[in-house]
Amino acid sequence: MTQPTAPSPQRSDAVRYHSTRAPEGDPGVRFDEALLRGLAPDGGLYLPRPLPPLPEGWREAASPADLAARVLPPLLGSGRAQVEPLLRSALDFPMPLVPLSDDRYVLELFHGPTLAFKDVGARTMARLLAGAAVRRGATVTVLVATSGDTGSAVADAFQGLEGVRVVLLYPRGMVSEVQERQLIRVRPGVHAFRVEGSFDDCQRLVKGAFADPELEGLELSSANSINVGRLLPQAVYYLWGAARLAHDHGVGDDVVVCVPSGNLGNLTAGVLAERMGWGVGRFLAAHNANDFFPEFLGSRVAAYAFRPTIATLSNAMDVGAPSNFERLVALLGDELPERVWGTSVDDATTLARMRSSEADDGYLPCPHTAVGLEAVERYRRQTGDGRPALLIATAHPAKFPDAVRRATGHEPPRSATLDALVDAEVEVRPLAADAAALREILLGLAG
Ligand SMILES: *Cc1c(COP(=O)(O)O)cnc(C)c1O
């Protein structure tokens, strides 16, 4: 494992972005370059170093956008005045903290345009990336493999922005009907492809395209959580949750934070907030049947002993080989098993938790958030740690009507955003899980 501990030759307080695989003494790159590249040339993932400490008074921020404008500028290598308008336009939806019984608090991040927390990272990153592309006078092709929510958030975030076109790859039959409609709705500059294969095949195609010498002339970039530009804004909502806990509920930072996890980008963003000085107690990684990470934490499998993806009800977390594992290892090293506790929840238990949460708490979660609620119960039972729990709620239950019906026997709550989708124009093209087929398409789009 490469530990990014080498001193930077730059000014010691200037943040540089280093690949998780960079050798000691690596000079790193500026934020804009890490953003445009997505993946580092050595195949590693970018991480900022040194991490700037949180600014005084961050808990006093009036909104998520205000908090982002206080915390992110040193990480983006920009002044506050330069990035604040962009952050305000990206983070323009509410992120309420909802108290449940037994000292549990749910941070709802699904009130953006695609009803999932990925709007936070995608909307911010799209604006940053379009700005960087325009400054360079280039058109960037953003290539995204999605297991559902990423693609719709990215497509929505980038549509019609100057300087970027988006190519989405998603696995056939592994996203819900609502998610698929969100993915394939016609948007300016967005092209959706339904891949004959799994999410892992989609990810492999993306990685292959980045390494393909014939595609070198294209400005390829990624918008998956491998792109550090998506990760940074996600650190902000953890701090927003902590600020609301303190102000509205008199709860301090020493809480356990439960993160419904798949590719581990969300959790990595929480760890970044922690490394910047947030005094959080412990993280819980709540996984579905794709259990590589909890198994690793329990020392039952070796690092990087990834697995094929299994399809589940919480399909946005169906990831057998989580990309951000490499970042977590780089950030936490040997502390990883101590700072993060993990568990794997099967579909039957997920449905039972959706049902019991609605019956006992009057709170109907989506399947992903239900995995998180189950993880909190298990953690408390197994460890006796009764500290308050902050749960990241990742998607709106209305996006998963089948799961809601199976769990509760009734229809999901209505959402005007989703109702509007029924009439939207859609367009999708099939694609073989084959590098040559993707190359042809990318070259064709670039004309
Ligand atoms: C993407 C997603 C997750 C998993 O987040 P990762 O950053 O991939 O760990 C959980 N829930 C929902 C609804 C998602 O869209």
Side-chain angles (χ1 to χ4, degrees), residues 2 19-22 29 33-46 122 125 129 133 138-148 150-151 154-155 158 164-175 183 190-231 262-265 290 292 304-311 316 318-327 428-447:
T2 313
S19 165
T20 44
R21 299 180 191 175
V29 298
E33 193 163 346
L35 174 75
L36 284 164
R37 281 192 190 161
L39 199 67
D42 63 5
L45 305 176
Y46 286 111
M125 191 189 111
L129 196 58
T139 295
V140 172
T141 301
V142 176
L143 186 56
V144 193
T146 177
S147 54
T150 294
V154 166
F158 278 99
V164 276
R165 75 172 73 83
V166 179
V167 174
L168 296 174
L169 308 181
Y170 69 94
R172 188 172 81 94
M174 286 179 75
V175 300
L183 285 172
V190 179
H191 311 270
F193 294 89
R194 186 196 287 134
V195 173
E196 293 296 325
S198 66
F199 174 63
D200 293 341
D201 292 325
C202 297
Q203 271 198 320
R204 225 184 337 271
L205 283 174
V206 168
K207 285 197 174 170
F210 276 99
D212 187 342
E214 289 187 49
L215 295 176
E216 244 164 41
L218 291 183
E219 296 257 3
L220 278 187
S221 192
S222 85
N224 278 62
S225 48
I226 60 174
N227 194 308
V228 75
R230 248 189 62 192
L231 220 48
N263 212 19
L264 293 171
N290 293 280
F292 157 74
Y304 301 99
F306 293 148
R307 298 166 173 201
T309 299
I310 301 166
D318 290 351
V319 184
S323 316
N324 284 289
F325 177 68
E326 187 164 335
R327 279 199 172 106
V428 63
R429 289 160 66 186
L431 179 69
D434 172 60
L438 178 60
R439 181 190 304 132
E440 197 173 313
I441 278 164
L442 291 172
L443 291 172
L445 285 174

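FYI, side chains are in, hydrogens and waters are out, and symmetry mates aren't considered; it's all heavy atoms of this structure. All residue numbers refer to positions in the sequence shown, counting from 1.
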Have Thr139 and Glu219 got a donor and an acceptor in their side chains that come within less than 3.5 Å? no
Side chains of Arg165 and Val142: does their closest heavy-atom pair fall under 4.5 Å? no
Just do the side chain to side chain contact (heavy atoms under 4.5 Å, CB included) check on Leu169 and Val144 with the steps written out, would you? CA-CA 6 Å; Leu169 308 181; Val144 193; over 6 Å; no
Check side-chain contact (heavy atoms from CB on, under 4.5 Å) between Ala321 and all other residues, then give those that pass, not counting sequence neighbours. Phe306
Only counting residues at least two apart or in another chain, list the ones meeting side-chain contact (heavy atoms from CB on, under 4.5 Å) with Arg307. Asp291, Phe292, Glu295, Val301
Between the side chains of Asp200 and Thr309, is a donor N or O closer than 3.5 angstrom to an acceptor N or O? yes
Compare all side-chain heavy atoms of Ser221 with those of Leu143 and state whether any distance is below 4.5 angstrom. no
Give the C-alpha distance, both sets of side-chain angles, the deciding distance and a yes or no for side chain to side chain contact (heavy atoms under 4.5 Å, CB included) between Leu442 and Leu218. CA-CA 8 Å; Leu442 291 172; Leu218 291 183; 3.8 Å; yes
So Pro171 and Val195, do their side chains get closer than 4.5 Å, heavy atoms only? no
Rounded distance [0.5 Å steps], CD1 in Ile226 versus CG in Asn263: 8.5 Å
Are side-chain heavy atoms of Thr146 and Val154 found at a separation under 4.5 Å? no
For the residue pair Pro322 and Leu264, what are the closest heavy atoms and their distance? CB-CD1, 3.6 Å
Has the side chain of Asn227 got a donor or acceptor atom that lies under 3.5 Å from a matching backbone atom of Leu35? yes
Is a side-chain donor-acceptor pair under 3.5 Å present for Asn324 with Arg327? yes
What do the steps show when you test His191 against Val166 for side chain to side chain contact (heavy atoms under 4.5 Å, CB included), and what is the final call? CA-CA 6 Å; His191 311 270; Val166 179; over 6 Å; no
Thr20 side chain to Leu45 backbone, donor-acceptor under 3.5 Å: yes
Contacts of Arg37 meeting side chain to side chain donor-acceptor pair (under 3.5 Å) (sequence neighbours excluded), chain-then-number -> Glu33, Tyr46
Is there a side-chain contact between Asp434 and Glu196 (heavy atoms, below 4.5 Å)? no
Which atom names give the shortest non-hydrogen contact between Ala432 and Ala437, and what distance separates them? O-CB, 4.4 Å
Contact check, side chains of Phe193 and Leu168, non-hydrogen atoms, under 4.5 Å: no
Looking at every heavy atom in both Ser19 and Gly44, which two are closest together, and how far apart are they? OG-CA, 3.4 Å
Mark yes or no for whether Asn290, through its side chain, and Ile310, through its backbone, hold a donor-acceptor pair below 3.5 Å. yes
In the structure I gave you, are the side-chain heavy atoms of Arg439 and Asp212 within less than 4.5 Å of one another anywhere? yes
What I'd like to find out is whether the side chain of Asp318 reaches to under 4.5 Å of the side chain of Phe199, using heavy atoms alone. no
Evaluation steps, side chain to side chain contact (heavy atoms under 4.5 Å, CB included), between Phe210 and Leu205: CA-CA 9 Å; Phe210 276 99; Leu205 283 174; over 6 Å; no
